[in-house]
A.B. asks: 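Pasting a structure below so you can have a look.
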Amino acid sequence: MLEHARHPLVYVNLLEPARHPSVRAAVKLRQTTTSRDERTISVRSPYQRNTKHESSQAASWSAGCEGARAACEMPTACMQLALAAALVGSGSALLQAPVLRMRRVAPVAVSRLGLSPVAQAPEVAPPESKAAAKAIKGRLNIRIDDEWYDLTNWRAAHPAGAHWIDAYNNSDATEVMYGFHSDKAVSMFRRLPKSKAPPKGVRSPTPATYAFRELRQKLVDEGWFNTQPLGEVKKLLPWAVTLASGVWIARTAIGPLRAFAGILLLAVSNTLAGWLAHDYVHGRQPFAWAMRGFGELVGGMSTTWWSNKHNMHHALTNEVGYDEDIALDPALHLWAPDPKNDIPWLRRWQHVYWPLPYSILFLYWRFDSIRYVLKHKKWSEAARLAGHWAAFAALVPFQSLFLSVWLSGFITATIVTVTHQSEEIFLGETLRKYDFVEAQFRSTRDAKCNNWVSDMLWGGMQWQLEHHLFPTMPRYRYPELSKVLIRFCEEHNLDYRVTGEFQIIADNVELLKKLAKGPQKPGNPNSEPVFKQV
């Protein structure tokens, strides 16, 4: 029954090939404020710059948007498992580090643009919903830096998928644009066609949003997004120590106590590896680029698959139908369910059995990663995944490896969910009601860790608000950044939320218990995503 839940924790996604006729051709790019008290202001965004764009860059952009490959028929579950087994079995020859192919490109004058490194777009566009594509009528307009762009004829060529363009139709995408695109992409977007008839009645950015843009620019200018060698070493060291210790103890374990110690250390190292891979995928610094293969080699998960599913959570946090991280039903309900989507006898006990679906996290993610790289022919990632499984299978007893992945899933899922799930969840009248900045403050809570072990184990996720607002900033900057955000909240009447690490977990269990015993609510939506990510 848990196999049918629609959440990454407990669901194996069924991919459908993206087929849009306009994907087959490259798209030629043409050169071409309601606040809380309903005031309208006109402030120039600090992101705006007067930059020169060369025609060669436009050609590069267009060429980069060439059509997607024809999708293959999905193999049966048996065939997938057989291929996965073959992948593991043949991985012993692939233990060498991945070849990093890096080429020099012309600089984009980042100092002139005033931009910081940002997370890259996914390499493979996820399939778009046919219903969603059919629902798009008229012109498709998106606002960036107070300028409206008509992306009707360009949407299908967006490298990360048309669903991103559709999700922001007739709305402001400034923060998302700067949060998930490279500096080069940001420097090129102004060549997109401008809207001839911008939509009417769209609320202007709030004063807090304009202030946030100015704050971000200030942080960029002051170097907050730059990496520090010592900070990177401090992140890697706990993972390396726990991994080496866990492997040694698991291989030499005599008796259940020592075996459990090995499993625990391996689980902690796997969780820390997940946080490191998370940092490297978000980052755009040279070191993050070089370490991008860490996710497959050490974490055992496809970085492209993870990036595809993770970014919408960042963009539209706790928005029902968009954020798949809150799509736990019917295993767990985070809001009162509609009777037709409810299993009353199961929901009644959700506050008791919640560790079970949480602990499945990494097992499902690893299976989905293997299936994804095979389906999309991501052979370099497949080779690194084979190397990962071959190395761990050779070094660690299978029972210890399996149980450590299970325990690591529970640790990781608990940490990543508790900072969001007990906060505001947007559905009905509150769905897409707030702009990006206010929505993040309403849907995110920090956790206050009480000791260095907790600080290490949480891997920067205790600074969840800081991370969601500035996802490409190195995590060791967050403690100091929190002081800046507290002052920002005081100036703009926003709520900075922080709770002790154990109390925040207790609050989440209490929410599950309240909803377990609460009534149904006819008309409430389920968590079926509007746009599938992967």
Side-chain angles (χ1 to χ4, degrees), residues 2 4-13 126 129 163 167 176 278 306-338 341-343 346-347 350-351 353-361 364-365 368 409-410 412-434 436 438-447 461 464-465 467-468 471 497 499 504-505 507-516 518 520-521 523-534:
L2 295 178
H4 298 289
R6 292 180 297 279
H7 186 262
L9 303 180
V10 289
Y11 175 67
V12 179
N13 294 311
S129 165
H163 66 286
V176 175
H278 169 264
W306 179 86
S307 183
N308 283 345
K309 80 168 227 39
H310 181 68
N311 284 343
M312 190 66 84
H313 159 70
H314 262 268
L316 294 168
T317 309
N318 281 10
E319 302 278 359
V320 174
Y322 296 91
D323 183 358
E324 291 192 21
D325 279 15
I326 59 171
L328 295 161
D329 60 287
L332 299 172
H333 289 275
L334 301 178
W335 58 89
D338 184 283
N341 301 319
D342 190 20
I343 306 177
L346 180 65
R347 177 166 61 94
Q350 66 175 13
H351 59 294
Y353 68 74
W354 64 271
L356 178 61
Y358 276 24
S359 63
I360 300 174
L361 176 71
Y364 270 91
W365 280 13
D368 277 354
F410 171 69
T412 304
T414 301
I415 289 173
V416 300
T417 56
V418 296
T419 51
H420 291 300
Q421 288 182 2
S422 60
E423 304 310 300
E424 295 180 50
I425 292 180
F426 308 118
L427 72 163
E429 294 181 354
T430 63
L431 185 66
R432 306 292 297 271
K433 177 180 178 180
Y434 306 103
F436 175 84
E438 185 173 354
Q440 294 300 333
F441 278 95
R442 287 176 173 270
S443 62
T444 308
R445 180 180 296 268
D446 283 355
M461 295 299 98
Q464 192 70 268
L465 176 64
H467 173 62
H468 265 248
R497 304 172 180 179
T499 301
I504 197 173
I505 296 174
D507 290 345
N508 273 260
V509 176
E510 185 61 30
L511 173 67
L512 291 175
K513 182 177 181 180
K514 177 182 176 181
L515 291 168
Q520 300 168 330
K521 187 173 182 179
N524 259 6
N526 62 11
S527 59
E528 185 70 28
V530 178
F531 304 103
K532 287 296 294 180
Q533 305 306 301
V534 288

A.B. asks: List for me each residue that meets salt bridge (charged side-chain N to carboxylate O under 4.0 Å, His left out) alongside Asp342, sequence neighbours excluded, and say none if there are none.
C.D. replies: Arg347
A.B. asks: Among Glu324, Glu319, His468, which residue meets the side-chain hydrogen bond (donor to acceptor under 3.5 Å, both in side chains) test with His313?
C.D. replies: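 Among the candidates, only His468 passes.
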A.B. asks: What's the separation between atom OG1 in Thr499 and atom CZ in Arg445, rounded to the nearest 0.5 Å?
C.D. replies: 3.5 Å
A.B. asks: Distance alone, cut at 3.5 Å: any donor-acceptor contact between the side chains of Glu423 and Thr444?
C.D. replies: no
A.B. asks: I'd like to check the ring-ring contact (aromatic ring centres under 6.0 Å, His included) partners of Phe426; sequence neighbours left out, ordered by chain and number.
C.D. replies: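 Once residues adjacent in sequence are excluded, the partners of Phe426 under the ring-ring contact (aromatic ring centres under 6.0 Å, His included) criterion are Tyr434.
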A.B. asks: With sequence neighbours excluded, tell me which residues meet ring-ring contact (aromatic ring centres under 6.0 Å, His included) with His351.
C.D. replies: none
A.B. asks: Could you state the interatomic distance from CG (Asp446) to CD (Gln464), rounded to the nearest 0.5 Å?
C.D. replies: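 CD of Gln464 is found 7.5 Å from CG of Asp446.
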A.B. asks: Give the C-alpha distance, both sets of side-chain angles, the deciding distance and a yes or no for side-chain contact (heavy atoms from CB on, under 4.5 Å) between Gln421 and Leu328.
C.D. replies: CA-CA 11 Å; Gln421 288 182 2; Leu328 295 161; 3.3 Å; yes
A.B. asks: Only counting residues at least two apart or in another chain, list the ones meeting ring-ring contact (aromatic ring centres under 6.0 Å, His included) with Trp354.
C.D. replies: Tyr358, Phe410
A.B. asks: So does Asn318 get a backbone contact from the side chain of Asp323, meaning a donor-acceptor N/O pair under 3.5 Å?
C.D. replies: yes
A.B. asks: Could you pull out the closest heavy-atom pair between His314 and His278, with the gap in Å?
C.D. replies: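 Answer, listing the atom of His314 first, then His278: NE2-NE2, 4.5 Å.
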A.B. asks: Test of understanding: with ring-ring contact (aromatic ring centres under 6.0 Å, His included), list the residues that count as partners of His333, not counting sequence neighbours.
C.D. replies: none
A.B. asks: Rounded to the nearest 0.5 Å, what separation is found between the CG atom of Leu316 and the OG atom of Ser443?
C.D. replies: 10.0 Å
A.B. asks: Using side chain to side chain contact (heavy atoms under 4.5 Å, CB included) as the criterion, list what pairs up with Thr412, not counting sequence neighbours.
C.D. replies: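 Partners of Thr412 under the side chain to side chain contact (heavy atoms under 4.5 Å, CB included) test: Thr271, Trp275, Leu361, Phe362, Ser408, Val416.
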A.B. asks: If you look at every heavy atom in Asn524 and Ala336, which pair is closest and at what distance?
C.D. replies: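 Shortest heavy-atom contact: ND2-O, 2.7 Å.
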A.B. asks: How many angstroms lie between OG1 in Thr417 and CG in Asp325, if you round to the nearest 0.5 Å?
C.D. replies: 9.0 Å
A.B. asks: Is the shortest side-chain heavy-atom distance between Ile504 and Thr419 below 4.5 Å?
C.D. replies: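 A side-chain contact under 4.5 Å exists here.
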A.B. asks: What's the shortest heavy-atom distance between Asn341 and Pro525, and which atoms?
C.D. replies: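 Scanning both residues completely, I find the closest heavy atoms to be ND2-C, 4.5 Å.
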A.B. asks: Taking Glu429 first and then Lys433, would you say they form a salt bridge - that is, a charged N and a carboxylate O separated by under 4.0 Å?
C.D. replies: no
A.B. asks: What closest approach, in Å, do Ser422 and Leu511 show between heavy atoms, and which atom pair accounts for it?
C.D. replies: CA-CD2, 3.8 Å
A.B. asks: How close do Met312 and Ala167 get, heavy atom to heavy atom, and via which atoms?
C.D. replies: CE-CB, 4.3 Å
A.B. asks: Would you mind reporting whether His420 and Thr317 have side-chain heavy atoms less than 4.5 Å apart?
C.D. replies: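 Yes, side chains in contact.
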A.B. asks: Taking the side chain as everything from C-beta on, heavy atoms only, tell me whether Ile326 gets closer than 4.5 Å to Val320.
C.D. replies: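 A side-chain contact exists here, since the closest heavy-atom pair is under 4.5 Å.
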A.B. asks: What closest approach, in Å, do Asn508 and Val418 show between heavy atoms, and which atom pair accounts for it?
C.D. replies: ND2-O, 3.0 Å
